[in-house]
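Quick note: numbers below take in every heavy atom, side chains included, and nothing from hydrogens, waters or symmetry partners.
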Amino acid sequence: MLGRGLKRKLSDYEENMAGLSSAFDSSRSLPYPLKRQLVLNMCLTKLQTYKMLVEPNLHRSVLIANTVRQIQEEMRQECNQQPISICPGITPSSHSYTGMESSGISLQLPSGISQQESNCCNLRSVEDPIENSLLIVSDDDMSSAISSILKDLDFVEDISPPTCLVPTGDDQPKFPESTSLKLEDDRQDLKGAECVFGSFEISNSTSYLKDLAIDDIFEDIDTSMYDSDFCCPPLMSPRPTSLAAEEPLKTFPSCNSSSASNIQICRTDLSELDHIMEILVGS
Amino acid sequence: PADIISTVEFNHTGELLATGDKGGRVVIFQREPESKNEPYNQGEYNVYSTFQSHEPEFDYLKSLEIEEKINKIKWLPQQNAAHSLLSTNDKTIKLWKITERDKRPEGYNLKDEEGKLKDLSTVTSLQVPVLKPMDLMVEVTPRRIFANGHTYHVNSISVNSDCETYMSADDLRINLWHLAITDRSFNIVDIKPANMEDLTEVITASEFHPHHCNLFVYSSSKGSLRLCDMRASALCDKHSKLFEEPEDPSNRSFFSEIISSVSDVKFSHSGRYMLTRDYLTVKVWDLNMETKPVETYQVHDYLRSKLCSLYENDCIFDKFECAWNGSDSVIMTGAYNNFFRMFDRNTKRDVTLEASRESSKPRAILKPRRVCVGGKRRKDDISVDSLDFTKKILHTAWHPTENIIAIAATNNLYIFQDKVNSEMH
């Protein structure tokens, strides 16, 4: 079971990935979409690993998230350029099941390109090991992964009072606070140089407890078992028509696709990842 | 291993060299005074003092362990007989005072030599205690502890030229402190977005201008530098100057942004230039030109074709530092395989040297190394594929005036001196 603060042992997985990344570096014949997919998978794996850590490195997380966004943007643009744009989530039938038949686990990329799909299918026979070990994830999964990680970082890191004159300690009302700081600054500037130390951050640790609401303290309880990380935001995304179509893509054939409860899908997701890991390690 | 060196810094005269390690310890080396009697012993650095600066802490509110690793050490300019330095871990900055004691009073009336109270009936006369010489004792005391100023991890500290204030930077904020005041700090830069999901850039390093106490620079993970003027406004979110080089489209890859992240920024001694280090290059920027650097030097361009593997094993996130020599004519930075590189800005020549036990016998001259990328391979060349990426030289320092460099190679410190005025300098 994967919990907070525990690092997964990825030794076998890393060996596989090392082979893939050196293939990326050395091989010029690897097609660009495949290279991109490889990088994307590495990014998501890293982000996933960082989520397991109690305190992920903000610098690295931001860099990786930016890389994912960049790839995402590229894929979106390619999707928009396609004349036959078979876009997000509306093609569960042909693509997803072919994918599942051949590799057993790969979830088809909904925003993928139909031509690319067929290319990938052709490649599958030649570059089977590489294809099979790629975890193809949907667009929404990516955004939600980034969002949730950065959100978590905020939550974990910044319980302390924000840097402004009003030591409320609550980070929610961001805009009013920052503007009030700037207004204060203007007034301070007018008062002259002797007020350089006028606006200050009271850095006394006892104020943390005073300023937190009682509820906030208990928000820290780990509810990761019931949190929806990869799948929750898409369910809330404004795409009602594709919702029903997307669900089969996220769950295993064995799962009841008509069930729409968050918890069920999340538990499925966790076991899905476990299953994927098993297959990667097993192969 | 707790003795991995995490920072190296000479003081302003170069007489002292401080190192910090992963275990929270600081070791200070002192240069032996030169003597004509023993010319070969002149200028050697020996251990002067060792002390535990930071201990591991546990933040109970967030259930996080705070590492004791020393991220940065900065010396204060010496103002009296004592030396002072700032050392910081991820969260807390401490001001340490280093004093020498080489005399002690002897001849107290009420206490004997061991400090026990004398039997008053045995005291028949009064004496005035006298100072007698003793073995040199170096005492280090914590004078200030600047805590609770940072939510994120502190990556740099920099003492202002006014010698009264200093700044500390974490991933998203920069604080200004007065050296005498520990319960307050002034936030001067805040790049935290209203919504953390919108975060795309973090602060990676920052430094005060060596002469202008109102100017400072900070670098970002997107490869840009922002020069800020504290006179312009209280919150320096708006930069005075933005230094950014447009991306080279021919070199574009998935990892372009990651390798553009600036890991270190240093003003030149003159104050006219800035030196930055990103993953593959060092760049010299003129403060008067924001559009691009005036000089770019390739540190290990042969890694450009290995970026995916380096991303996979996280080496691409390694943060290398850079340094100027005293006259700003040579710049230095570390690389892998215990190699470090020097670039002469005037002659445009560069050299690769290795910091290792095998190649560094005392008073031996370092032999230049070469990494071959294929094609002709000379004897003693190292091929790219046999580079040891676990041996990385992240921290280097250059003596403020002389050609003495300190190189931290994992848990070993190498100090190289240039006795003869060679063509390199």
Under 4.5 Å from a heavy atom of chain A, the part of Ser253(B) involved: backbone
Any Tyr311(B) side-chain heavy atom under 4.5 Å of Ile64(A) side chain: yes
Shortest non-hydrogen separation from Glu197(B) to Arg69(A) and the atoms involved: O-NH2, 3.0 Å
Ser256(B) versus chain A, the contacting section by heavy-atom distance below 4.5 Å: neither
Lys35(A) and Cys308(B), any side-chain heavy atoms less than 4.5 Å apart: no
Nearest atoms (heavy-atom pairs only) where Leu63(A) meets Ser221(B): CD2-O, 3.8 Å
Atom group of Thr200(B) that falls short of 4.5 Å from chain A, counting heavy atoms: both
Interatomic distance, Cys43(A) atom SG to Ile258(B) atom CD1 [nearest 0.5 angstrom]: 6.5 Å
Polar side-chain atom of Asp171(B) near backbone of Leu58(A) as donor-acceptor pair, under 3.5 Å: no
Partner chain A: residue of Phe146(B), Phe254(B), Phe255(B) with the largest heavy-atom pair count (under 4.5 Å): Phe254(B)
Phe317(B) side, atom CZ; Asn57(A) side, atom CG - distance, nearest 0.5 Å: 8.5 Å
Asn155(B) portion near chain A, given a 4.5 angstrom heavy-atom threshold: neither
Minimum side-chain heavy-atom gap Lys319(B)-His59(A) below 4.5 Å: yes
Top contributor to chain A contacts, counting heavy-atom pairs under 4.5 Å, from Lys222(B), Glu201(B), Glu257(B): Glu257(B)
Under 4.5 Å from a heavy atom of chain A, the part of Leu172(B) involved: side chain
